Structures are given as structure tokens and as C-alpha cells.
S.K.: 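Sharing a structure, written as C-alpha cells. Questions coming.
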Amino acid sequence: MVISNLTELAVPRSTLGEGPCWDATAGALYWTDIPANRVHRLADGHHRCWEIGRPAGAVLPRASGGLVLAARDGFLALDPATGALTMLAAVEPDIPGNRMNDGACDRAGRFFAGTMAEDEAPAAGALYRLDPDHRVTRVLAGVSISNGIDWSPDERLMYYVDSPTHRVDVFDYDPGTAAFSNRRTFVRASGGGVVPDGLTVDSEGGVWVAMWGGGQVRRYTPAGALTLSMDLPAANVTSCAFGGPNLHTLYVTTAAGPGSSGGGLFACQSAVAGLPANPFRG
Ligand code: BGC
Ligand code: CA
């Protein structure tokens with residue numbers, strides 16, 4: 001499994017860079033800086049940023065145009081032309097200590113994203129599903145730090161991280177109904193302070209996992225065998241996503257912390273290609 005040319009990109013460093021997502025239509029990479037209340041874009045070497053007035057843990061393209069966010073208080077649409085924000089569906093308005101964190105869409109364009117307590121209180125969060133009709137369903141309760149989520153290429157498996165468990169779990173997934181079941185451990189992160197954070201699945205079904213506290217992105221086969229560990233000059237690696245014209249560029253976000261480049265955005269070339277990010281279809 002070959003990767004090459006790891007470089008830090010010339011964009012401002014984040015406090016807590018998160019949620020990288022490649023929008024193939026726009027040829028743009030989006031990501032967030034959670035505590036800075038910012039959404040960032042890099043396209044054709046040009047960087048742009050939006051102040052959104054609340055933290056956002058995920059940003060995705062919307063099939064009808066613009067972007068959709070998993071933000072502190074719910075799922076929001078962001079019009080990149082004007083910066084206007086529109087609430088699509090509130091999430092946990094009665095729990096002000098919680099915020100939304102990581103998320104992704106399945107191929108039908110349903111947006112799954114979860115919550116966490118800002119103080120990381122155990123089991124205070126949940127995983128939600130926003131359907132294209134803007135209805136929100138709580139699909140998993142008792143989550144501590146809801147993090148990476150993605151699907152196998154045939155969408156029969158859903159990978160999911162609740163970071164303090166130190167595990168990446170896998171469920172059977174029904175792409176017709178969005179029901180999931182049969183939770184089991186996919187891999188356990190080795191190393192004391194290392195927890196899995198964001199993740200992405202490649203076109204061969206390999207699972208790339210950002211290791212918070214571990215300074216690495218690791219790739220596992222669908223059978224759970226470790227095939228690659230890539231070191232980054234930042235201990236707190238938060239997420240990764242494939243992009244670029246042929247989906248052979250792996251983008252990696254990081255947060256401030258130990259290491260020479262904490263908060264930097266990185267890119268490298270991967271021999272295996274990623275899968276296109278699914279837009280929200282509502
Ligand atoms: C959260 C952080 C958390 C980290 C490690 C991130 O997704 O936004 O608040 O510290 O995961 O668990
Ligand atoms: Ca995350």
C-alpha cells in the first residue's frame with residue numbers, strides 16, 4: 001500500500017481541524033475548525049473561509065447546491081455565495097452542553113452525524129440521521145464522542161467510531177432502509193493515549209482511520225489487517241478524506257497539540273483511490 005509526497009498545505013493552521021470533504025463538482029476541499037467557528041475551502045490553490053458563529057464538526061456538499069453542516073445546534077445549510085445559514089433541523093436544543101461532531105452521508109443522501117458533550121462527559125451524546133425530507137431520527141444513544149462514520153463500497157457495512165471506546169466498530173447496514181444492526185469490533189487502536197477519530201473507506205474497501213493522540217493515519221483491510229501506518233508531524237490527527245481529480249489524494253486534518261505542525265492540513269498521494277463523498281440529498 002503506497003503513499004507518497006506528504007506535504008502540509010499553505011492554509012492557516014486550525015485549533016481543531018475537522019471534517020475534510022472533497023466536493024468533486026466544485027473541485028474543492030472543505031473542512032472545519034470546530035472551536036474557531038469556521039468552515040474552510042481550498043480550491044485551485046485559493047483558500048476561503050466562512051465565519052459561522054457556532055462550532056461545526058462536519059461539512060458536506062448538498063445535491064441541490066451549497067453546503068450542509070453538522071453544527072452545535074443542529075443540521076444547517078450554508079450558502080457559500082452569501083454566507084447565509086439556514087437551520088434545516090435542530091438537534092438536542094435542550095442540551096446546551098452538547099455539540100454536533102463528525103458526520104457523513106450514505107449513497108441515498110441521508111446525513112448521519114453525532115453529538116458529544118463539550119466536557120466529554122461519558123455517554124451524553126447520540127448518533128442522528130437527517131433524511132432528505134429534513135426529519136431527524138436518533139439512531140444510537142449513549143455515545144460519548146461520536147466520530148468517524150463511513151460505509152463499505154457495497155454499503156452492506158457501516159463503520160463507526162465512538163472515540164473513548166478506543167475501537168472502530170462495524171454494523172451490518174441496509175442501504176434500502178438505513179437500518180443497522182449487529183454491532184461488533186472492527187479494530188481496536190493500540191497505544192495508551194491513542195483513540196480513533198475520523199475515518200474514510202477507499203475503493204477497495206480499506207478503512208483509513210485518523211488516530212488522535214497517535215500522530216498517524218492507519219489503513220485496515222476489510223478483514224481488519226493493518227496495511228499502513230502513516231506518521232504525521234502532529235499528534236492529534238482528526239480525520240482524512242480522499243479528493244483530487246482522480247480521488248488519489250488523501251487529505252488529513254489535525255488539531256493543535258504535540259508535534260511541529262499541529263493544526264496543519266496535509267495532503268499525500270495514495271496508490272489506491274477513494275470513493276466520492278456522497279452529498280446530502282435534501
Ligand atoms: C472531537 C474532539 C475530541 C477528539 C478526540 C474530535 O472529533 O471534536 O473534541 O477531543 O475527537 O476524541
Ligand atoms: Ca472527528
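When a ligand or atom number is given, it counts from 1 through the structure's own listing order. In this text the structure is predicted, and so the values were computed from the model without any measurement.
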S.K.: Tell me whether the centres of the aromatic rings in Y159 and W208 are closer together than 6.0 Å.
M.R.: no
S.K.: Taking only non-hydrogen atoms of E120, do any sit less than 4.0 angstrom from ligand 1?
M.R.: yes
S.K.: For R99, which part has a heavy atom under 4.0 Å from ligand 1: side chain, backbone, both, or neither?
M.R.: side chain
S.K.: Using only atom types and a distance under 3.5 Å, with no angle test, would you say the side chain of R62 pairs donor to acceptor with the backbone of G282?
M.R.: yes
S.K.: Determine whether the side chain, the backbone, both or neither of I34 has a heavy atom under 4.0 Å from any heavy atom of ligand 1.
M.R.: side chain
S.K.: Indicate yes or no for a side-chain donor-acceptor contact from D33 to the backbone of T15 under 3.5 Å, with no hydrogens or angles considered.
M.R.: yes
S.K.: Closer than 4.0 Å to some heavy atom of I145 - which atoms of ligand 1 meet that?
M.R.: 12 (O)
S.K.: Any N/O of W212 closer than 3.5 Å to an N/O of ligand 1?
M.R.: no
S.K.: Between ligand 1 and N101, can you find any atom pair, the residue atom being a heavy atom, that is separated by under 4.0 Å?
M.R.: yes
S.K.: Starting from atom 4 (C) of ligand 1, find the nearest protein heavy-atom neighbour and note its residue, name and distance.
M.R.: D197 OD2, 3.6 Å
S.K.: I'd like to know if E92 pairs up with R99 as an ion pair, taking the criterion as any Lys NZ or Arg NE/NH1/NH2 lying under 4.0 Å from an Asp or Glu carboxylate oxygen.
M.R.: no
S.K.: To check your reading of the site, what angle at the Ca ion (ligand 2) do OD1 of N147 and OE1 of E18 form, to 10°?
M.R.: 160°
S.K.: Could you tell me if any non-hydrogen atom of T238 lies under 4.0 Å from any atom of ligand 1?
M.R.: no
S.K.: Does R129 offer a backbone N or O that forms a donor-acceptor pair with the side chain of R135 under 3.5 Å?
M.R.: no
S.K.: Determine which of the N, O or S atoms in D197 is closest to the Ca ion (ligand 2) and give its atom name.
M.R.: OD1
S.K.: For the residue pair V207 and R218, establish whether any side-chain heavy-atom pair is separated by less than 4.5 Å.
M.R.: no
S.K.: Can you tell me if N101 uses its side chain to pair, donor with acceptor, with the backbone of G57 under 3.5 Å?
M.R.: no
S.K.: For M116, counting its heavy atoms only, list the atoms of ligand 1 lying under 4.0 Å from any of them.
M.R.: 1 (C), 9 (O)
S.K.: Determine whether the aromatic ring centres of residues F111 and F75 are separated by less than 6.0 angstrom.
M.R.: yes
S.K.: Under 4.0 Å from any heavy atom of S163, which atoms of ligand 1 are there?
M.R.: 12 (O)
